[in-house]
There are 2 protein chains.
Amino acid sequence: MRMVMTGHRVPKYEQLRRRLLHDIERLAPHQPLPTERDLALRHRVSRATVRHALEALVKAGAVYRVQGAGTFVADQIISKSVSLTSFTEDMAGRGLRPGTRVLVADLIGARGRICQELRLGSEDEVVRLVRLRLADEAPMCLETAYLPAARVPGLLDHDMTGSLYSVLDTKYGIIPVVADQVVEALVLGDSDAALLGVPPGTAALRVRRLATDQRGVPVERTTTLYRADRYDIRFTIARQRC
Amino acid sequence: MRMVMTGHRVPKYEQLRRRLLHDIERLAPHQPLPTERDLALRHRVSRATVRHALEALVKAGAVYRVQGAGTFVADQIISKSVSLTSFTEDMAGRGLRPGTRVLVADLIGARGRICQELRLGSEDEVVRLVRLRLADEAPMCLETAYLPAARVPGLLDHDMTGSLYSVLDTKYGIIPVVADQVVEALVLGDSDAALLGVPPGTAALRVRRLATDQRGVPVERTTTLYRADRYDIRFTIARQRC
DNA sequence: TCTCATTCTTGGTCCGTACCAATATTCAGA
DNA sequence: TCTGAATATTGGTACGGACCAAGAATGAGA
């Protein structure tokens, strides 16, 4: 018996980060935070811990630092990088009620690109899952997911109308942590348009995603077709040094 | 006279990062790196410095760490987050030769959304720059950029067929560091299609970008219409903790 | 041979100190 | 009053030490 029981001890720098984020919210942009040495004294921690907390805030885009001058509240806390989320989480974030109609749920042989991207042999099988995802009752996107059957035995016995990621986590301990995405635009064909409830010839966003676990092992290959009139992708990018 | 003369002293952790990245390239995925204490001894630095270097590599997706086990080479070094780049840099990265046809370059009054997003008053003026960008001689996208005229006096006197970001940097000391982007799909109208050299009714990617400098002050508002048959957007996303 | 508790290894957190580099401030001199 | 050098402040880098927590390896016992 292996108890996970993650004690979830919260480190000091994380506690400090939250407190600072809370303080920041009632500060105007470009206003200076206390100096690092100040914060260390005030919160009874070392300067290293303060820097650790601030680094997280800088990464999140909440503050910016200027050497010799100080640390300041950033202009726009709104800016958030896209994170790897399930459709269910994504819709919740947009304030929409998610729904699902399962169109296909079966086991097939791995072939071609799918086989290659999931690093499977030609003998291996994959779970195929085609679902029409709804937002506030109306079609939002058409999702086709492939997963290595060996890693998710009995997946199709579970309820597939909810969050796939939730099932992967609770039933199999699989947590996708990173994903490569390719975003394209295309014009919908007749059948896809019909399923999505829009006229043929309408535009759509196609997102191809290959999600992997912490080890870098592929766990999910999904292609999603979003209605262009209902969906967009927002993210913040930064200039790369070097 | 204020000499910038950035001595560009390279910190130890940065030197170490480069050396490690070099070593990693000849290692297979999932192979372990030496332990942090090992690396510290071997390179005659403190463990803190080693961790600083490794953190950068983790952030770049080159390695991953497992507490209690070690640090390992990540599976796919290819995966790179999209970074804020100019069209010129973007095309260079894809191995294409960039070109430009300037369609409009003028000074107009700020109005509506542009005015609001660039945080300008209704009296202020903006530089408008509409350019057809080519890749290997063929149209790739249609770019419409707006910049606060006050921050870039005499911009239109410069050559606008090259990289705008390069001019901003060298002539005005402006370096956009972060940008919020919104990506949508749409069907091209007749005039845009004609400019891009594709049949009307074709799909396109529309990217709206608001770029800001380090202070969080907006410096550039651009809408770009990409040919869907020649362009896609690739990026890596990670699961957000908390 | 297998299981499970123990021990070891490894990354994660935290402290205190010291000095460097860029910016802001002060103040003497023109 | 203004200019420019000297000084103080602030974030950036670096060290060394200590202990914690999670995974890996070991070894005793069933």
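In what follows, chains are A, B, ... by sequence order, proteins preceding strands, each numbered from 1.
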If you look at every heavy atom in A:Phe87 and A:Glu143, which pair is closest and at what distance?
-> CB-OE2, 3.7 Å

note: A:Leu41, atom CG; C:dT17, atom P; distance rounded to Å ~ 11 Å

Taking 4.0 angstrom as the limit, do B:Glu55 and B:Lys59 come out as a salt bridge?
-> no

Tell me, with the steps shown, if B:Arg208 and B:Glu117 meet salt bridge (Lys or Arg N to Asp or Glu O under 4.0 Å).
-> CA-CA 12 Å; B:Arg208 289 203 311 248; B:Glu117 290 185 339; 5.8 Å; no

To the nearest Å, how far apart are B:Tyr64 OH and C:dG11 P?
-> 13 Å

Presence of salt bridge, B:Arg151 and B:Glu220, under 4.0 angstrom = no

What one-letter contact string describes nucleotides 7-15 of chain D from 5' to 3', where B marks a base within less than 4.0 Å of any protein heavy atom, S marks contact via sugar-phosphate atoms alone, and - marks no contact?
-> --BBBBBSB

Taking atom CZ of B:Arg111 as the centre, does the number of heavy atoms from other residues, nucleotides or ligands within less than 6.0 Å exceed 12?
-> no

Tell me: CD of A:Glu55 to P of C:dG12, nearest whole Å?
-> 14 Å

Nearest-angstrom distance from the residue atom CZ of A:Phe72 to C1' of C:dA24 | 10 Å

Side-chain ion pair, B:Arg94 and B:Asp90, N-O less than 4.0 Å = yes

